[in-house]
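A, B, ... follow the sequence lines: proteins, then strands. Residue 1 opens every chain. It should be emphasised that the depicted structure is a prediction, and the values quoted were computed from it without experimental measurement.
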Amino acid sequence: MGNSLMDTYVQVFANRSVWMESAAIEQLHTTARNLQGIRAAVGLPDLHPGRGYPVGAAFFSTGRFYPALVGGDIGCGMALHATSLRVHKTSPSKLEKALGVIDGPLTEALLEEVDMAQLQALAQRCGVATAEALQQSLGTIGGGNHFAELQAVDTLYEEGALDKKCVHLMVHSGSRGLGGTILREHVERFNHDGLAAATPEARAYWQQHEAAIAYAQLNRSMIARRMARALRMELSLVLDISHNHVQRHEWRGESGFLHRKGATPADEGLVVIPGSRGDYSYLVRPASERDEALHSLAHGAGRKWARSDCVGRLKPRFSLADLQQTRFDSAVVCADRELIYEEAPQAYKDVDGVIASLQEAGLLTLVARLRPLLTYKRGAMQCC
DNA sequence: ATGTCC
C-alpha cells in the first residue's frame, strides 16, 4: 500500500553544479511512496543517502508521523554565539593551546552552572535515561559530523548583522545517546510503521522527543560554555536551531506533521548553514513566506562520499598533518585518525553550490559568511 | 548519529 503519486509532492532543490547521488533521490521517492500519509517530500541541495531514509530532506505527513524518519539524533542542531574574543588578538595555534581537551564529562565548576532540577525533569520526561547518565554526556560534542568551530566573520552581506571584530563560535551537536535510545525503543515496539496522531503512543513519543530536543539544546549551550571558560571569553547567543525533529505543521491548508531529517527550519528566523570543516559557513535569512521547500533549508554542505570510502580515497594523497590544517590556515583538532578522513573537506559537497541553489530558488538571502579559525572535532583523550 | 561495531 503506497501513496498515490498524484497526491504526493516530491521536489529536489539543487542546481546543476551540486553533487547529487541518485541513491539519495531514490530514497526520497521510496519514502514518499511507502510511508502511509506522506503528502510531500523535499530534498534540499545537501541531500545524500542515509540508512533507509535520505539526509537533507523534509517530509510532511497527515494522520501519522514517523519517529524513524527523524532518526536517532533527535534535536541535533546548530548554535551560533558571538564572543568577546577579538579576531586580531588571536590565532589558530593560540586557540588550540588554550582550549586543551574538551571531550570528557564537565568539570565540577561547569556542572555548578547546570540546572540539576532541569536535568532531573528531562530524565523523568524521556523515561529512558537517568539524570546521572544525562550529566555524563552533557557538554560533549560527540562524533560524526558534529563539531565546535571558532570563526572569523569573512564577509557581511547585511551591514551590522554581526561584529566583524569578534570571534564567533558555532556548535553542531545533538542529544548524544539519548535520542538514539528513544528511537531504538520506539522501533523495537513499532518498527517503521509510525504512530497515529492523538494516540497515547504518539503522546508518549512526543514527550520523549521534547525532552531530547531540550537536552540537545542544553548540550550545545554547555559545549559553548566550557569553551568560553577555557578561552576566557564572554558569549552572546545569536541563534540555536534544531534540524532533526518532527513538528505539528500546517502546509497548503492541511494540518499534519513536518519531519526534518537534516533540514534547517526556514520559519524560525536567521539560520546558519555550515560548509565542511575546510570551507565557509553562511548565516542566512530564510524566505519564511515560501512553502515549496516545506519551510526548510539545507543543514550543511552534505556528504559527497560515504564514510566507508573516505580513508581509501584520501589516505594515498593526504597525511594526517595535511588534514589538520585547511586552505584557510585554520586548525582541525581531531585525534581520531578515521574520523578526520571521514570528515575531510573532500568528502563533502561544495557549500557554495548548496547556497547558490537555495538562493536561485528564492529560498534565502545571505547575511554573513564565516571562515574557520579552529575546528574542534575530538581531542586526544577519547581516541583509541 | 552512537556511554557505537569490529
Side-chain angles (χ1 to χ4, degrees), chain A residues 24 27 46-57 66-79 101-106 111 119 122-123 126-148 171-188 192 208-209 211-213 215-220 222-223 242-246 259-264 274 276-277 299-303 305-312 334-343 347-348 376-379 381-384:
Chain A
Q27 285 184 334
D46 57 334
L47 187 76
H48 60 278
R51 288 195 174 176
Y53 309 117
V55 181
Y66 295 89
L69 214 40
V70 175
D73 198 2
I74 304 164
C76 183
M78 303 292 313
V101 171
I102 52 166
D103 300 83
L106 295 171
L111 280 172
L119 216 53
L122 288 180
C126 73
V128 296
T130 61
E132 291 70 39
L134 295 185
Q135 185 187 303
Q136 249 339 79
S137 48
L138 189 64
T140 62
I141 293 167
N145 57 358
H146 291 173
F147 65 87
V171 178
H172 178 203
S173 188
S175 53
R176 309 293 281 104
L178 176 60
T181 304
I182 293 169
L183 176 66
R184 191 170 57 249
E185 294 203 354
H186 168 81
V187 171
E188 277 169 14
H192 286 229
Q208 295 182 311
H209 171 275
I213 299 259
Y215 180 68
Q217 184 163 354
L218 184 61
N219 186 40
R220 287 187 289 274
M222 291 315 299
I223 291 164
S242 152
H243 50 234
N244 282 358
H245 55 240
V246 53
H259 309 69
R260 292 194 180 96
K261 173 69 175 166
T264 298
S276 73
R277 293 353 312 138
H299 81 310
R303 292 200 75 79
W305 297 343
R307 290 190 176 279
S308 51
D309 293 340
C310 294
V311 173
C334 185
D336 183 327
R337 327 175 40 96
E338 197 157 296
L339 184 62
I340 199 167
Y341 281 101
E342 289 174 2
E343 291 291 310
Y348 279 84
Y376 195 100
K377 296 284 296 179
R378 179 168 282 188
M381 303 296 283
Q382 235 180 30
C383 161
C384 317

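Heavy atoms of Gly177(A) sit under 4.0 angstrom from primed sugar atoms or phosphate atoms, though from no base atom. Counting any heavy atom pair closer than 4.0 Å across all strands shown, Arg307(A) reaches sugar-phosphate atoms only and no base atom. Note on Gly179(A): nothing from the nucleic acid sits closer than 4.0 angstrom, heavy atoms only. When heavy atoms are screened at a 4.0 angstrom cut-off, Gly71(A) is found touching no nucleic acid atom at all.
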Asp103(A)/Tyr376(A) under side-chain hydrogen bond (donor to acceptor under 3.5 Å, both in side chains): CA gap, chis, key distance, verdict: CA-CA 10 Å; Asp103(A) 300 83; Tyr376(A) 195 100; 2.5 Å; yes
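Across all non-hydrogen atoms, the minimal contact from Tyr215(A) to Leu134(A) is OH-O, 2.6 Å.
The side chain to side chain contact (heavy atoms under 4.5 Å, CB included) search around Gln136(A) returns Pro105(A), not counting sequence neighbours.
Nucleotides of DNA chain B lying under 4.0 Å from heavy atoms of chain A occupy a range whose first and last members, 5' to 3', are dA1(B) to dT4(B).
Ring geometry, Tyr66(A) versus His259(A): the interplanar angle falls from 30° to 60°, so the pair is classed tilted.
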Under 3.5 Å, side-chain donor or acceptor atoms of residues 67-78 of chain A against the rest of the protein: list the pairs with distances, not counting sequence neighbours.
from     : atom 1 : to        : atom 2 : distance (Å)
Asp73(A) : OD1    : Ser175(A) : N      : 2.9
Asp73(A) : OD1    : Ser175(A) : OG     : 3.4
Asp73(A) : OD2    : His146(A) : NE2    : 3.1

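A salt bridge (charged side-chain N to carboxylate O under 4.0 Å, His left out) with Glu343(A) is found for exactly one of Arg307(A), Arg378(A), Arg337(A), Arg277(A), namely Arg307(A).
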